[in-house]
Structure formats: C-alpha cells, structure tokens
Amino acid sequence: MTTISAATVDIWPQPEPPGDTTRAVLFKEHGGPEVLYVGSVPTPTPGPADVLIRVAAVSVGRTLDLLARSGRGPYRDFPLPHVLGAEHAGVVVAVGSDVTQHKIGDHVAVFPIISYDDPVVRPRYPELSPASGMLGITLPGAYKDHIAVPASNAFPVPAGMSPADAVAVALAGVVGLTQLERAGYERGQRVVVQGASSALGSTTALLAKHLGARVVVTSRDTSKRERLAALGFETVLDSGSKTLADELRGVFDGEGADIVIDNLGDRDLWEQGMAALAPGGAIVSSGAFLSPRVDIDLRRLYRWGHRVIGVLTGHKEAAPRLWGEVEAGFRSVVDRTFPLEDAGTAHAYMEAGNGVGRVALLNYVPS
C-alpha cells in the first residue's frame, strides 16, 4: 500500500501557470477501484466569477466517490468518462475578471456544493434545489491537477494548516455545523454521534466538542472505539449494545440527549437513539448508509416533543462560520493519505472499512 508520509502533508504547490491540459484520474466504466486510471483533460478556463486552483489535496468520500465509481449509489447519473472529487484544497493560480476576494498564491479550500437561488425551495435551503450541483458528481471533480470553481465557494485556509487537514473540514465540517445549527444546538448541550469513526461522524463529534458540548460517540468496532478514545472523547460506547439508550442516559446523569446524530439508518440503532432523547430533543440524519427505512413511535414523538431533522448536506452560509471555528483552533482527523495517482489503492483501503477519519489524496509531493 502506497501512502505519503506525514512529513510532506503540509506542503502546498507553487502557483505556476498551467498548460493546456491537466493530469486527472478518471473512469470510463463503473466497477471496482481498478477502473480508475490516470489520464489528462483540458485545463479549465475560469469564468469572470471563478478561480483556477492547483489542487493540493482532495477528499475520498464513501458515498460521493466509492459508490459513484461503483454505480451502486444514489449519485451515478453522469456522463463517462468522469472525474471524481468533491471537497479539495489548493493554491489559486488564476482569477476571473470579477474576483476581488482571492489572489494568485492564496491557499484555499473549496466547498463543493454549487447552489443557486431557487423559488421552489425555502430560503436558507439552497442545497435542496434540483438546480444545485456538486463537484465530482454532477460536475467534473478535483481528482486532477487543476480545477475552476466559483470564487464564492473557495475559503481561505489559515496559515500553518495542511492541505489534508483543510480537506478534512471543507465539507464534513460544514455538514456537521449545519446538523448542529438546524437542531438548535446551544453550548453545553448533550450530543450523541452514532458511528463516529466515519469522516463525517468524527468531524461532527470533534466540532461539537470544540463548541462546548458534552459529547458521547459510538461505534460497533472495538479498535475504532479505542481510536476514538485516543482522540479525546471521554465516553465511547458500543453502538451494538441492546441497552445503549439506558447507557446514554446514565452518562448524562439520568437525562436524555439534546441531539442525536445518526447518519447510518440502522433500525435498532435508530430506536436506541430515539429512546435516548431528552424532552424536546432532536435526532438528525444525513445518510442512510445501512438502510433507507427506520421505525418511529409517533406517540413518543409527540408526547416528548421530539424532532426528526433531515440534512442533505452542508449549507453554504454555514461555511464562513465553520472556517471561523477553524481559525479558533478546530481541526478534524486525517486517517491516511495517498498520492493522487494511487486513487485506486485509496478506494480499496476505504472499502476495507478500517479507518477512522478522513482519507485524502495528496497531489503535490516535491521531488
């Protein structure tokens, strides 16, 4: 297995002018990790409101990348050959004529949801519009050397932060903050993150901890629970426990959780999470990785004023607030990095399901 040493992960490319073509990792048919190959595509030309970025690091996502590549997930209706890669970080190498907030040489991280005003959706929910796009899914992604994106989707990366660390929060951090905000989070509340070893789960849990929550995380896997404990979580429970709800209430001094975040969709785990909610508490879902259907006891729902909240993805307006927390010291966890050209190896590693945190492809290693 090829990986890049931690000593190189804080290195950013130089803002050199690009050529007419740019290196990319593509696939021209759905299948396993072996369908990924290195090729080239035309270097994009930034529009008046765009920036052209020399990619330094790009996320590897389970749903957005692995399932899209395999053709088994919800995101597979795109023309082939296709370039994956949603959230990424890099160096600005060109700016459009209308861009004033960025300059050549800036280190930026990109929020990958390209959203538009849409009268069909509620204000402050632009990500729900059918017209919205996502880099790496409906739009060509960042598994390549250069990508053009709207300047408003690029956010400055604080000095001293590595490309991989920036990628770890660029989307997952915004999703996590959106989940907490839409649940009405207030400092000091009791938050449970189920399946917290995933990139999103670990980021949300670390963000809640950073924001002052009393956080409990869960995982079915013993080794992952040990790694979560090593990240500083005081209470790490077995999500497979049949008495999880009682255990959670015990941790919270007999009171329930104010917020439970469950992106898995396991019926038993969902039931345990609902049973652990305090009066007025909320359970938030941004995924159905294990099942699309769960049971809800409506009598308990209305009796205790519980709320069930769906969050499709991060809200762009939350991104500046997230980067404000990054400036204040928030960081997520990077599980492992691979060179861009070894994207297939990274996909195979993720499919094995042994990681805790973000897997990223690094696209700049000096000779």
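The shown structure was predicted, so the numbers you read here are calculated from the model rather than taken from an experiment.
Gln189 places a side-chain N or O within 3.5 Å of a backbone atom of Glu186 that can act as its donor or acceptor partner. With hydrogens and angles disregarded, no donor-acceptor distance shorter than 3.5 Å links the side chain of Asp246 to the backbone of Thr243. Remark: side-chain polar atoms of His88 are paired, donor with acceptor, to backbone N or O of Ala86 under 3.5 angstrom. Arg321 contributes a side-chain N or O that, together with a main-chain N or O of Glu317, makes up a donor-acceptor pair within less than 3.5 Å. Judged by distance alone, the side chain of Arg225 and the main-chain N or O of Thr218 form no donor-acceptor pair under 3.5 Å. Of the possible polar contacts, none joining the Arg54 side chain to the Gln14 backbone as a donor-acceptor pair under 3.5 Å is found. A donor-acceptor pair under 3.5 Å links the side-chain atoms of Arg307 to the main chain of Gly280, judged by distance alone. Looking at Asn263, its side chain does come within 3.5 Å of a backbone N or O of Ser286 through a donor-acceptor pair. A donor-acceptor pair under 3.5 Å links the side-chain atoms of Arg190 to the main chain of Gly256, judged by distance alone. Between the side chain of Glu87 and the backbone N or O of Leu171 there is no donor-acceptor pair closer than 3.5 Å.
The shortest distance between side-chain heavy atoms of Pro81 and Phe27 does not fall below 4.5 Å. Side-chain contact between Gln179 and Tyr185 is absent, with no heavy-atom pair separated by less than 4.5 Å. Between Phe233 and Leu206 the shortest side-chain heavy-atom distance falls below 4.5 Å. Under the 4.5 Å side-chain criterion, counting only non-hydrogen atoms from C-beta, Arg214 is in contact with Asp253. Put simply, the side chain of Leu211 reaches to within 4.5 Å of the side chain of Leu177, judged on heavy atoms. At a threshold of 4.5 Å between non-hydrogen side-chain atoms, the residues His347 and Val60 count as touching. You'll find the side chain of Arg182 reaches within 4.5 Å of the side chain of His315, heavy atoms only. Side-chain atoms of Val25 and Lys144, non-hydrogen and from C-beta on, never get closer than 4.5 Å to each other.
Atom CG of Asp20 sits in a sparse spot, with 12 or fewer heavy atoms from other residues, nucleotides or ligands closer than 6.0 Å. Counting non-hydrogen atoms of other residues, nucleotides and ligands closer than 6.0 Å to CD of Glu29 gives a total of 12 or fewer. More than 12 heavy atoms of other residues, nucleotides or ligands shown are found within 6.0 angstrom of CD on Glu351.
Atom NZ of Lys242 and atom CD of Glu247 lie 12.5 Å apart (nearest 0.5 Å). In this structure, CD on Glu271 lies 11.5 Å from CG on Asp262, to the nearest 0.5 angstrom. Atom NE2 of His102 is separated from atom NE2 of His107 by 13.0 Å, given to the nearest 0.5 angstrom. Note that CH2 of Trp270 is 5.0 Å distant from OG of Ser285, once rounded to the nearest 0.5 Å. The line from CG of Asp268 to CG of Asp295 is 9.5 Å long, rounded to the nearest 0.5 Å. To the nearest 0.5 Å, atom CG of residue Leu361 and atom CG of residue Asp65 are 8.0 Å apart.
Nearest approach of Leu362 to Ala164, heavy atoms of both residues: CD2-CB, 4.1 Å. The two residues Ser202 and Val333 have their closest heavy-atom pair at OG-CG1, 3.7 Å. Closest non-hydrogen pair, Val58 versus Gly85, comes out as CG2-CA, 3.7 Å. When every heavy atom of Pro15 is checked against every heavy atom of Val91, the shortest pair comes out as CB-CG1, 3.8 Å. Arg249 approaches Ala275 most closely through the heavy-atom pair NH2-O, 3.2 Å. Of all heavy-atom pairs between Gly176 and Leu207, the closest is C-CD2, 4.0 Å.
In the model, Gln194 has no side-chain atom that pairs as donor or acceptor with a side-chain atom of Asp266 under 3.5 Å. With 3.5 Å as the limit, one finds a donor-acceptor pair spanning the side chains of Arg358 and Ser59. Judged purely by distance below 3.5 Å, without hydrogens or angles, the side chains of Asp221 and Ser219 never pair a donor atom with an acceptor atom. His30 and Arg69 share no side-chain donor-acceptor pair at under 3.5 Å. Ser115 and Ser132 are not linked by any side-chain donor-acceptor pair at a separation below 3.5 angstrom, with hydrogens and angles left out of the test. Ser241 and Asp238 form no side-chain donor-acceptor contact under 3.5 Å, judged by distance and modelled atom types alone.
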Test log, rule side chain to side chain donor-acceptor pair (under 3.5 Å), inputs Ser332 and Thr203: CA-CA 5 Å; Ser332 188; Thr203 300; 2.7 Å; yes
Intermediate values then yes/no, side-chain contact (heavy atoms from CB on, under 4.5 Å), Val110 and Phe155: CA-CA 6 Å; Val110 174; Phe155 295 87; over 6 Å; no
Does Ser162 form a side chain to side chain donor-acceptor pair (under 3.5 Å) with Asp165? I'd like the steps, not just the answer. CA-CA 5 Å; Ser162 75; Asp165 282 329; 3.2 Å; yes
Under the criterion side chain to side chain donor-acceptor pair (under 3.5 Å), I'd like the reasoning laid out for Tyr349 against Asp335: C-alpha separation, chi angles, the key distance, then a yes or no. CA-CA 11 Å; Tyr349 171 77; Asp335 177 74; 2.5 Å; yes
Test side-chain contact (heavy atoms from CB on, under 4.5 Å) applied to Thr178 and Val175, step by step: CA-CA 5 Å; Thr178 302; Val175 176; 5.6 Å; no
Determine, stepwise, if the pair Asp258 / Val191 fulfils side-chain contact (heavy atoms from CB on, under 4.5 Å). CA-CA 6 Å; Asp258 297 297; Val191 176; 5.9 Å; no
Pair His82-Lys28, side-chain contact (heavy atoms from CB on, under 4.5 Å): steps then yes or no: CA-CA 7 Å; His82 183 65; Lys28 57 187 177 184; over 6 Å; no
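Hydrophobic clustering of Ile, Leu, Val, Met, Phe, Trp and Tyr side chains at less than 4.5 Å, counting indirect connections, unites Leu277 with Leu248. Follow the hydrophobic side-chain contacts under 4.5 Å out from Tyr143 and you reach Leu26 in the same cluster. Val334 and Val359 are members of different hydrophobic clusters when ILVMFWY side chains are connected at heavy-atom separations under 4.5 Å. Note on Leu36 and Met350: same hydrophobic cluster, where clusters join Ile, Leu, Val, Met, Phe, Trp and Tyr whose side-chain heavy atoms are under 4.5 Å apart, directly or indirectly. Met274 and Ile261 end up in different hydrophobic clusters when Ile, Leu, Val, Met, Phe, Trp and Tyr side chains are linked at under 4.5 Å.
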With a cut-off of 3.5 Å and sequence neighbours excluded, list every side-chain donor-acceptor pair involving residues 145-153.
{"unit_1": "Asp145", "atom_1": "OD1", "unit_2": "Arg23", "atom_2": "NE", "d": "3.4"}
{"unit_1": "Asp145", "atom_1": "OD1", "unit_2": "Arg23", "atom_2": "NH2", "d": "3.4"}
{"unit_1": "Asp145", "atom_1": "OD1", "unit_2": "Asn363", "atom_2": "ND2", "d": "3.0"}
{"unit_1": "His146", "atom_1": "ND1", "unit_2": "Thr22", "atom_2": "OG1", "d": "2.9"}
{"unit_1": "Ser152", "atom_1": "OG", "unit_2": "Lys316", "atom_2": "NZ", "d": "2.8"}
{"unit_1": "Asn153", "atom_1": "OD1", "unit_2": "Lys316", "atom_2": "NZ", "d": "3.1"}
{"unit_1": "Asn153", "atom_1": "ND2", "unit_2": "Phe111", "atom_2": "O", "d": "2.7"}
{"unit_1": "Asn153", "atom_1": "ND2", "unit_2": "Ile113", "atom_2": "O", "d": "2.9"}

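Applying the side-chain contact (heavy atoms from CB on, under 4.5 Å) test between Arg299 and each of Ile296, Leu301, Asp297 identifies Asp297 as the sole match.
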